[in-house]
Amino acid sequence: MSASETALQILSGTFAPQFHTNLRSNFSSICCIKSRKDRHDGNYIQNRVTRNLDGLFKGEKKNSRSESLRCKCSQPENNREAFLEDGSGRLVNGLANEFNFQNVELGQPLKNENGTLLSNDGLTAPTSNIFGANSIEDEAWTLLRASMVYYCGNPVGTIAANDSSNSNTLNYDQVFIRDFIPSGIAFLLKGDYEIVRNFILHTLQLQSWEKTMDCHSPGQGLMPASFKVRTVPLDGDEDATEEVLDPDFGEAAIGRVAPVDSGLWWIILLRAYGKCSGDTSVQERIDVQTGIKMILKLCLADGFDMFPTLLVTDGSCMIDRRMGIHGHPLEIQALFYSALLCAREMLTPEEASADLFRALNNRLVAMSFHIREYYWIDTKKLNEIYRYKTEEYSFDAVNKFNIYPDQIPPWLVEWMPHRGGYLIGNLQPAHMDFRFFSLGNLWAIISSLATTDQSHAILDFIEAKWSDLVGGMPLKICYPALEGEEWRIITGSDPKNTPWSYHNGGSWPTLLWQLTVACIKMKRPEIAEKAIKVAERRIATDKWPEYYDTKGARFIGKQARLFQTWSIAGYLVAKLLIDNPNAANMLVNVEDAELVNAFSYARTANPRRKRLRKGPKQSFII
Ligand code: GLC
């Protein structure tokens with residue numbers, strides 16, 4: 001197929017992802033070129049045209065997805081002094097001890113007193129006492145700006161951590177999609193839209209990257225887990241270098257985990273960008289619409305699954321290591337549900353077929369029914385499970401998934417308060433993962449995947465279990481930790497995920513922003529305010545760690561990075577939203593009346609009769 005035929009398909013909305021590899025291989029890599037001689041003043045002298053159409057960042061609505069594969073990188077005057085390289089090809093604004101933090105302006109690159117830009121090399125990030133009277137928030141803003149990554153002189157993201165005390169960088173010098181979300185929201189809340197727009201459009205380019213692992217290619221809608229800006233020598237020209245965006249789709253990640261959450265977060269951020277900036281031209285672009293549809297196509301694809309929830313492997317989200325969350329983990333389901341609602345709002349009728357809207361609606365109804373009914377536990381439900389009959393072969397089975405009551409863990413019987421409840425971590429045939437996972441529960445509130453009553457009950461639960469879930473630092477990623485033989489078998493004896501550390505019961509300050517959005521949505525901001533106060537006691541003096549260890553979050557995590565960007569941004573978003581609660585609407589999905597009707601129909605329908613008779617008039621299929 002020729003490029004023009006492909007473009008025609010894109011235009012007509014019949015573009016099929018399998019052609020994308022062909023399309024991509026016709027083009028060379030995304031890059032900006034600069035002369036080596038001119039590297040030090042950051043003056044790009046040449047712009048290699050790698051895609052056939054112009055103006056990606058000029059805001060025009062374009063005709064083809066292929067045009068998004070070219071970046072505007074020729075802005076020598078604007079970009080002069082925009083950044084320095086750190087020697088590894090990474091372009092970040094670094095920090096220096098002698099830096100005058102008082103003089104930082106929003107969105108400006110960091111400079112020392114002589115006005116020279118700062119490099120990240122070998123420099124120590126500041127501690128809070130350097131800031132003197134400056135508030136924790138000022139420090140956080142300075143650090144957040146210092147984490148900005150530039151590509152062709154334009155800000156495109158924030159690095160995961162800016163911790164010069166740790167020589168083992170691993171991939172913490174990359175821009176992670178999930179980690180950028182709180183950064184992006186913080187920038188949006190400050191009215192700094194450019195970085196978010198660039199991030200959205202550049203990661204969209206990466207979506208169509210040729211990706212393989214041992215000769216196997218995952219679906220074309222997959223978004224990378226992270227990317228890095230590299231400066232590489234230009235073939236055939238010894239004086240020139242080029243910048244390239246180098247994505248990791250999991251093919252280099254520890255454990256080769258697929259970042260299922262990336263595309264879902266991308267859709268959620270895209271909607272937030274439009275709502276906050278008022279600029280809907282980005283979501284209306286045909287390449288962006290195609291990007292949304294490619295993600296949906298991947299998520300809505302038929303498989304062998306009996307459940308409406310998304311089936312994924314272990315480690316496919318924030319918990320990106322083996323932690324026994326393969327199957328249908330709550331976090332992915334809540335993000336999926338939210339992304340479906342956001343996509344439905346943004347897809348233009350010209351771009352999305354009636355079939356796609358129908359598929360979206362059907363999945364939304366089926367998912368909300370499934371999660372609300374089968375993932376929910378509180379004392380009453382626990383007692384029901386305790387008395388379950390098993391081996392029921394019938395359409396009317398009460399214990400549909402054949403859960404053996406002995407699975408109820410002894411800790412839960414003691415732990416479950418009389419008031420409150422939560423959505424369990426995972427549901428599979430004959431298996432309920434009763435652990436409490438914070439992000440999934442919070443995003444279930446935010447996305448209205450949980451009912452209003454359930455949402456309040458989850459917050460009641462967090463309040464009732466404050467010392468376990470918040471303790472010395474909000475918020476525990478999951479509760480309880482896997483210990484002993486369970487830890488050995490389920491994590492594969494993972495030394496990073498030892499009990500009450502990291503993903504296994506560690507406490508992650510970044511979760512503060514999601515807690516805040518959920519509390520604001522339920523008009524209970526005082527819970528978030530209390531958690532923010534707990535964080536403020538130590539987060540800055542502890543140098544913004546990635547996570548905390550021990551049951552009560554007493555220690556900075558064993559292998560935690562310091563100056564972890566999403567800890568910084570998460571705190572800022574929480575503070576900004578408490579001051580301006582209405583802004584949380586850009587992240588919240590309000591429950592849809594049609595879905596509520598379909599849901600109550602599904603609840604009252606007898607499963608056997610439902611197979612025979614017609615559904616409600618909206619034609620939702622459950
Ligand atoms: C760890 C976390 C992951 C995060 C990454 C970068 O791998 O598990 O969620 O995206 O670090 O901060």
Side-chain angles (χ1 to χ4, degrees), residues 90 92 125 143-144 147-149 157-163 166 168-185 199 203 222-228 247-266 268-269 312-326 329-332 334-335 437-440 442-443 475-478 481 491 494-498 501-514 543-549 556-571:
R90 175 158 54 100
V92 294
L143 293 168
L144 182 61
S147 73
M148 283 162 74
V149 173
T158 50
I159 50 167
N162 212 347
D163 183 2
N166 195 328
N168 191 10
T169 312
L170 296 176
N171 49 359
Y172 282 88
D173 60 352
Q174 305 209 3
V175 180
F176 276 75
I177 308 305
R178 73 175 73 85
D179 293 39
F180 181 73
I181 306 305
S183 298
I185 303 297
F199 172 88
T203 45
L222 189 68
M223 283 282 184
S226 60
F227 67 85
K228 191 178 166 96
D248 177 10
F249 290 90
E251 73 275 18
I254 296 163
R256 303 295 186 263
V257 282
V260 179
D261 62 340
S262 289
L264 307 174
W265 278 123
W266 183 86
I268 292 166
L269 184 67
V312 298
T313 57
D314 216 343
S316 53
C317 51
M318 177 183 180
I319 295 178
D320 54 0
R321 293 165 85 90
R322 184 172 158 192
M323 263 295 288
I325 60 163
H326 51 275
L330 180 66
E331 175 177 332
I332 287 290
L335 293 176
F437 287 86
S438 297
L439 179 45
L442 295 174
W443 213 267
L475 193 65
K476 196 140 282 164
I477 194 166
C478 68
T491 71
D494 185 345
K496 202 166 174 187
N497 273 334
T498 50
S501 181
Y502 200 46
H503 301 136
N504 188 14
S507 298
W508 292 65
T510 188
L511 294 170
L512 197 53
W513 77 271
Q514 283 118 338
K543 302 183 186 166
W544 307 92
E546 179 187 14
Y547 65 95
Y548 286 78
D549 284 357
I556 296 172
K558 218 184 316 177
Q559 295 186 40
R561 305 286 141 159
L562 303 179
F563 302 104
Q564 178 81 18
T565 304
W566 69 353
S567 300
I568 296 163
Y571 167 76

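Read the numbers this way: they start at 1 and go in the same order the structure lists the ligands and their atoms. Along the sequence shown, residues are numbered consecutively beginning with 1.
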Heavy atoms only: give me the nearest [X]-[Y] pair and the separation to one decimal.
{"X": "Ala560", "Y": "Ile556", "value": "CB-CG2, 4.3 Å"}
{"X": "Tyr547", "Y": "Ser501", "value": "CE1-OG, 3.9 Å"}
{"X": "Cys317", "Y": "Arg178", "value": "O-NH2, 3.2 Å"}

**Request:** Check step by step if side chain to side chain contact (heavy atoms under 4.5 Å, CB included) holds for Lys558 and Tyr502.
**Result:** CA-CA 8 Å; Lys558 218 184 316 177; Tyr502 200 46; over 6 Å; no
**Message:** Angle between ring planes, Trp265 versus Trp443, binned at 30° and 60°: parallel, tilted or perpendicular?
**Reply:** perpendicular
Any protein N or O within less than 3.5 Å of an N or O in ligand 1? List each pair with its distance, or say none.
{"from": "ligand 1", "atom 1": "7 (O)", "to": "Asp320", "atom 2": "OD1", "distance (Å)": "3.2"}
{"from": "ligand 1", "atom 1": "7 (O)", "to": "Asp320", "atom 2": "OD2", "distance (Å)": "2.7"}
{"from": "ligand 1", "atom 1": "7 (O)", "to": "Tyr502", "atom 2": "OH", "distance (Å)": "3.4"}
{"from": "ligand 1", "atom 1": "8 (O)", "to": "Met318", "atom 2": "O", "distance (Å)": "3.0"}
{"from": "ligand 1", "atom 1": "8 (O)", "to": "Asp320", "atom 2": "OD1", "distance (Å)": "2.7"}
{"from": "ligand 1", "atom 1": "8 (O)", "to": "Tyr502", "atom 2": "OH", "distance (Å)": "3.4"}
{"from": "ligand 1", "atom 1": "8 (O)", "to": "His503", "atom 2": "NE2", "distance (Å)": "2.7"}
{"from": "ligand 1", "atom 1": "9 (O)", "to": "Met318", "atom 2": "O", "distance (Å)": "2.7"}
{"from": "ligand 1", "atom 1": "10 (O)", "to": "Arg178", "atom 2": "NH1", "distance (Å)": "2.9"}
{"from": "ligand 1", "atom 1": "10 (O)", "to": "Asp179", "atom 2": "OD1", "distance (Å)": "2.6"}
{"from": "ligand 1", "atom 1": "12 (O)", "to": "Asp179", "atom 2": "OD2", "distance (Å)": "2.5"}
{"from": "ligand 1", "atom 1": "12 (O)", "to": "Gln564", "atom 2": "NE2", "distance (Å)": "2.9"}

**Request:** Using the side chain to side chain contact (heavy atoms under 4.5 Å, CB included) rule, pick out the option among Asp314, Thr491, Asp494 that qualifies with Arg321.
**Result:** Asp494
